[in-house]
Amino acid sequence: VDSLGSEVDAKVADDIAEDDLLGGLEIESTDEVEIPDRLVDQVIGQDHARDIILKAAKQRRHVMMIGSPGTGKSMLAKAMSQLLPKEDLQDVLVYHNPDDGNEPKVRTVPAGKGEQIIEAHKEEARKRNQMRSFLMWVIIAIVVGYALLLAGRPLLGILAAGVIYLAFRYGSRGTDAMIPNLLVNNSDVTSAPFEDATGAHAGALLGDVRHDPFQSGGMETPSHDRVEPGAIHKANKGVLFVDEINTLDIRSQQKLMTAIQEGEFSITGQSERSSGAMVHTEPVPTDFVMVAAGNLDAMENMHPALRSRIKGYGYEVYMDDTIDDTPEMRRKYARFVAQEVEKDGRLPHFTDTAVEEVILEAQRRAMRKDHLTLKLRDLGGLVRVAGDIARAEDAENTTRDHVLQAKQRSRSIEQQIADDYIERRKDYDLTVSAGDVVGRVNGLAVMGEDSGIVMPVMAEVAPSQGPGKVIATGKLQDIAEEAVQNVSAIIKKFSDEDISEKDIHIQYVQAYEGVQGDSASVTMATAVISALENIPIDQSIAMTGSLSVRGDVLPVGGVTHKIEAAAKAGVETVIIPKANEQDVMIEEEYEEMVEIIPVSHISEVLEVALTGESEKDSLINRLKDITGHALDRKVGG
Ligand code: ADP
């Protein structure tokens with residue numbers, strides 16, 4: 001099955017496949033999905049970066065890739081090395097220099113020749129040694145024969161034989177020194193080299209000369225034999241990839257720049273105290289294409305000259321975090337699952353419904369309407385965990401159930417803390433999800449990037465001695481003040497209570513370290529209004545939303561995670577901003593558990609959350625009067 005089909009097929013498929021998670025792809029398992037040969041064709045999304053890599057490979061230009069981890073930067077760099085011509089590859093040999101032992105000579109030959117040269121040298125040395133030992137035994141035979149038969153002094157004969165033996169042994173040492181050191185060997189490679197020098201120390205990046213503990217007296221290793229190549233030398237005619245480029249120390253960045261500029265770089269010992277530091281080879285070729293990568297602040301901290309070097313002689317490209325969720329893309333994500341399975345080599349292929357579940361996760365992780373996440377390293381992690389679970393069960397295929405288990409298992413640290421926290425709170429019964437209480441609202445917040453949590457807010461209003469204050473616990477002071485300010489404009493108009501003469505206390509019940517509170521203003525406003533008017537709030541409801549001065553409910557982040565957290569905590573109804581309606585992508589198991597009510601104005605929130613019919617009705621009628629037409633649609637009926 002050609003998973004991507006022809007363009008016409010794809011168009012037809014797209015029309016019927018809008019709702020199909022696999023984008024119209026009909027497979028039983030990912031085993032049937034064809035994977036392109038070239039790595040560059042396996043890259044999903046990142047069209048801009050792909051185009052640049054193709055172009056840069058042709059023109060041998062440097063590339064700088066900026067973007068989130070796990071979006072395919074090193075994959076593209078590797079793909080680039082496969083696009084470079086193999087014919088140009090070279091072997092590099094280091095020879096003993098008879099004039100100056102500390103300045104070994106460097107020779108470059110076409111790839112494959114290096115091994116032949118070494119072989120020839122060894123063969124020659126072998127022959128020479130054979131010749132020598134033949135000669136040695138002949139001389140020994142003559143001397144011993146002479147001593148025994150003619151001189152009649154056997155002891156002297158044996159002694160003389162020993163001396164001759166040692167002399168030959170010692171003398172032949174020099175011939176080994178003549179065999180060159182094959183520094184870079186490209187004889188068996190299938191494509192131009194790809195060298196990943198991320199986090200490399202100076203020696204690994206720039207080459208090194210090993211220390212020689214003997215240094216003289218016939219025991220020493222000749223200096224040319226102690227020379228070791230760096231990544232810049234091994235990457236010759238290929239790609240040198242450096243991720244997190246800004247973490248490379250400045251000296252190394254400077255030397256890297258020299259290597260790029262000169263196209264060659266001598267190797268010397270990197271540690272000053274070692275005898276290797278005395279050795280300095282002739283220049284070794286470093287004619288590589290550099291692919292530097294990092295996140296946004298990598299650019300700020302990287303050596304400006306190095307950056308301008310890359311910029312002046314190459315391209316800069318920004319990596320995408322998400323991509324439009326289209327049927328074609330979904331088919332590619334199915335191929336992504338197949339790629340990851342093939343790459344691992346041991347995982348059972350995924351069934352169609354298992355792939356659907358991965359694509360659902362890609363939607364959820366995009367955190368953006370109608371998009372799929374391109375943080376594919378992490379998504380690949382999910383694929384591997386699911387596959388491992390299937391493999392442990394000896395299953396023939398990885399199924400939807402395995403993927404669901406994997407999601408459970410591959411929770412982030414924040415998620416694990418949040419779940420643990422929810423568990424503990426259940427023990428203490430802190431989350432109230434039944435009954436009516438004045439001034440208490442189940443708010444919803446996000447922990448880390450992807451964990452929702454129920455965070456009850458309590459408000460109390462008391463007459464103030466001086467001018468009224470808003471008093472909140474912890475870091476939430478600013479948010480609390482802003483929320484109260486926003487509601488106060490509305491409250492002033494319908495309430496007889498003058499809140500400027502009151503202290504409003506707002507408390508988060510067990511606020512938790514690491515919780516983001518920016519989306520809590522609707523929650524706080526509701527709690528304050530309830531406390532002020534003494535109208536109870538239905539505790540089976542949780543809510544999230546940001547509030548404008550006019551009482552509009554504005555969109556917030558993380559609604560999916562928040563709704564799931566509410567469902568887990570036993571909440572029955574969740575109020576969310578209407579503008580967030582399309583961001584809701586909760587897992588099936590939760591759909592049955594909660595009712596979701598999208599709202600666009602605070603009066604709608606109160607309509608749903610407040611209990612005690614008569615007071616509530618009068619309050620909402622007053623609110624409606626004030627805020628006018630904005631409410632007519634929803635509240636009137
Ligand atoms: P980065 O260098 O941006 O941190 P990598 O290229 O190392 O990310 O990505 C790690 C792995 O994730 C890749 O080997 C590949 O399996 C998968 N991956 C990441 N991005 C993509 C992509 N755009 N298309 C296909 N696979 C990807």
Side-chain angles (χ1 to χ4, degrees), residues 3-4 23 30 33-54 56-57 63-83 191 194-200 231 239-248 289-299 315-326 328-347 349-350 355 358-359 361-362 365-366 371-388 406 410:
S3 59
L4 302 180
T30 46
V33 179
E34 202 174 309
I35 298 171
D37 291 334
R38 297 196 308 176
L39 196 56
V40 72
D41 298 323
Q42 293 180 15
V43 174
I44 288 162
Q46 314 295 7
D47 283 351
H48 185 45
R50 267 193 68 215
D51 286 350
I52 294 236
I53 287 293
L54 288 165
V63 181
M64 166 101 147
M65 286 193 273
I66 296 297
S68 304
T71 50
K73 296 186 289 293
S74 86
M75 187 179 183
L76 277 164
K78 193 159 192 188
M80 187 177 185
S81 71
Q82 295 181 352
L83 298 171
S191 70
F194 168 76
E195 284 297 320
D196 186 346
T198 304
V239 172
L240 181 75
F241 177 67
V242 187
D243 202 355
E244 297 165 22
I245 178 81
N246 53 315
T247 62
L248 208 61
V289 173
M290 164 112 180
V291 179
N295 53 18
L296 258 183
D297 44 88
M299 278 196 311
Y315 302 96
E316 290 187 322
V317 53
Y318 190 76
M319 303 291 286
D320 296 323
D321 276 353
T322 62
I323 187 148
D324 286 341
D325 181 8
T326 63
E328 187 197 350
M329 259 309 140
R330 292 179 187 176
R331 293 194 292 275
K332 284 196 180 166
Y333 272 67
R335 197 192 74 203
F336 166 73
V337 175
Q339 283 173 195
E340 294 293 307
V341 168
E342 287 293 327
K343 197 168 95 177
D344 186 276
R346 291 165 310 171
L347 309 176
H349 271 287
F350 280 48
V355 175
V358 174
I359 292 174
E361 188 64 17
R365 291 190 184 181
H371 279 75
L372 299 168
T373 183
L374 277 173
K375 292 185 180 162
L376 290 178
R377 189 209 311 260
D378 291 351
L379 202 64
L382 179 70
V383 169
R384 275 183 295 281
V385 174
D388 278 341
S410 59

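Both ligands and their constituent atoms are indexed starting at 1 by order of listing. These values consider heavy atoms only, across backbone and side chains, with no hydrogens, waters or symmetry-generated copies.
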Contact (N/O only, under 3.5 Å) between [X] and ligand 1:
{"X": "Leu374", "value": "no"}
{"X": "Phe241", "value": "no"}
{"X": "Thr71", "value": "yes"}
{"X": "Asp243", "value": "no"}
{"X": "Val43", "value": "no"}
{"X": "Gln339", "value": "no"}

Measuring from the heavy atoms of Gly380, does anything fall under 4.0 Å of ligand 1?
no

Does Lys343 come within less than 4.0 angstrom of ligand 1, counting non-hydrogen atoms of the residue?
yes

Output yes when a side-chain donor or acceptor of Lys73 lies under 3.5 Å from a complementary backbone atom of Gly67, and no otherwise.
yes

Test item: Thr30 side-chain N/O and His349 main-chain N/O as donor-acceptor pair under 3.5 Å:
no

Which atoms from ligand 1 have a heavy atom of [X] less than 4.0 Å away?
{"X": "Ile44", "answer": "22 (C), 23 (N), 24 (N), 25 (C)"}
{"X": "Pro69", "answer": "4 (O)"}
{"X": "Phe336", "answer": "26 (N)"}
{"X": "Glu340", "answer": "15 (C), 16 (O), 17 (C)"}

Give me the nearest non-hydrogen protein atom to atom 7 (O) of ligand 1 as residue plus atom name, then the distance to 0.1 Å.
Ser74 OG, 3.0 Å

For the CD atom of Gln339 and the CE atom of Met75, what is their distance to the nearest 0.5 Å?
5.5 Å

Are more than 12 heavy atoms from other residues, nucleotides or ligands located less than 6.0 Å from atom CG of Asp41?
yes

Say whether Thr198 and Asp196, considering side chains only, have a donor N or O and an acceptor N or O under 3.5 Å apart.
yes

Do Ile245 and Met290 have side chains that approach each other closer than 4.5 Å (heavy atoms only, starting at C-beta)?
yes

